[in-house]
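One structure is given below, encoded as structure tokens.
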Amino acid sequence: AGQKILIPSIGSGVSQLAAQFAVALGAEVWVTSSSDEKLKAAMQLIQIKGGMNYKNKNWVKELVSKAGKFDVIVDGAGGESFNPMLSDALANGGKMVIYGATGGASNEFPVYQVFLQHKSVIGSTMGSDKNFADMIQFVQKHKIVPLVSVYPFQQAKEVLESMKNTASNGKLVLTFKSNNKSNL
């Protein structure tokens, strides 16, 4: 509670859940997106404090001048944004949690800034069975609901294109409906 958190790529289903968790814990949540529409939707649906379109050339500098530096950054994108977020947006003593690299790997790592500014970089893909059980209780207690869009399998190509072009929002599910009455 009371921490300022940055969650990049708010169109992602995981980012949306992370933002909902952080808001439920009382954090001041800021987000990024490639779309102004997604930023507006996040402010309405998730009650975030604000955001910045990362397509803007100086988005990190603009965001920090607007919000200040962040205690925690929860990132699943990596790529070109990793170093500027770690170097310029994360506060001294802050923590950066990485759970993916959909934007690719980072070419450089700001080693000096990490140890001189007491920053922590934490990699995570999952927790323990207990962590999962605790998360389920937290979700139920705070009535957290993911944004899910369901499409028939026949639209798989269009759905994958929307993901590739970052046009999608939330989790995307493809359904397979069959007339087969088998119990298999």
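Heads up: numbering here begins at 1 and tracks the sequence.
In this structure, the separation between CD1 on Ile5 and NZ on Lys95 is 10.5 Å, given to the nearest 0.5 Å. Between the CG atom of Asp75 and the CG atom of Leu90 there is a distance of 11.0 Å, given to the nearest 0.5 Å. Taking CE from Met96 and NZ from Lys119, the interatomic distance works out to 9.5 Å, rounded to the nearest 0.5 Å. Here OH of Tyr151 is found 9.5 Å from CG of Leu174. Values are rounded to the nearest 0.5 Å. Met135 CE to Gln140 CD: the interatomic distance, rounded to the nearest 0.5 Å, is 10.0 Å. Summarising the geometry, atom NZ belonging to Lys69 is positioned 12.5 Å from atom CG belonging to Leu6; distances are rounded to the nearest 0.5 Å.
A distance-only check finds no donor-acceptor pair linking the side chain of Asp134 to the backbone of Asn131 [under 3.5 Å]. Within the 3.5 Å criterion, the main-chain N or O of Ser12 finds no donor-acceptor partner in the side chain of Ser9. Under the 3.5 Å distance criterion, the side-chain polar atoms of Asn83 are matched with a main-chain donor or acceptor of Glu108. With Asn56 contributing its side chain and Asn58 its backbone, the two residues share no donor-acceptor pair below 3.5 Å. In this structure, Asp71 contributes its side chain and Lys4 its backbone to a donor-acceptor pair below 3.5 Å.
Ile48 has its side chain within reach of Met43: a pair of non-hydrogen atoms, C-beta onward, lies under 4.5 Å apart. Ser162 places a side-chain heavy atom less than 4.5 Å from the side chain of Leu172. Side-chain contact between Met85 and Phe70: absent, with no pair of heavy atoms (C-beta onward) separated by less than 4.5 Å.
For Phe115, the CZ atom counts as densely surrounded, since its 6.0 Å shell holds more than 12 non-hydrogen atoms of other residues, nucleotides or ligands. Heavy atoms from other residues, nucleotides or ligands lying under 6.0 Å from NZ of Lys171 number 12 at most. Summarising the local packing, CD of Glu80 is surrounded by 12 or fewer heavy atoms from other residues, nucleotides or ligands at distances under 6.0 Å. Residue Met163 places its CE atom among 12 or fewer non-hydrogen atoms of other residues, nucleotides or ligands, all under 6.0 Å distant.
No hydrogens or angles considered: a donor-acceptor pair under 3.5 Å links the side chains of Ser15 and Tyr99.
Heavy-atom minimum distance, Tyr54 versus Trp59: O-CD1, 3.3 Å. The heavy-atom pair separating Ser33 from Ile10 by the smallest distance is CB-CG2, 3.8 Å. Across all their heavy atoms, Asn53 and Ser34 have their closest contact at ND2-O, 3.4 Å. Nearest heavy-atom pair, Gly51 versus Lys66, reported as atom, atom and distance to 0.1 Å: O-NZ, 3.9 Å. Scanning both residues, Val31 and Ala42, for their nearest heavy atoms gives CG2-CB, 4.5 Å.
Follow the hydrophobic side-chain contacts under 4.5 Å out from Val150 and you never reach Phe176; the two are in separate clusters. When hydrophobic clusters are built by joining Ile, Leu, Val, Met, Phe, Trp and Tyr residues whose side-chain heavy atoms come closer than 4.5 Å, directly or via intermediates, Val145 is not grouped with Ile136. Taken together through direct or relayed side-chain contacts under 4.5 Å among Ile, Leu, Val, Met, Phe, Trp and Tyr, Ile122 and Val114 form parts of separate hydrophobic clusters. One hydrophobic cluster, built from ILVMFWY side chains closer than 4.5 Å, cannot hold both Val23 and Leu17; they sit in different ones. If you chain together hydrophobic residues whose side chains sit under 4.5 Å apart, Leu63 and Leu86 fall into the same group.
For Gln47, there are no side chain to side chain donor-acceptor pair (under 3.5 Å) partners, not counting sequence neighbours.
Tested against Gln20 for a side-chain contact (heavy atoms from CB on, under 4.5 Å), the candidates Ile7, Leu25, Ile144, Leu45 yield a single pass: Ile144.
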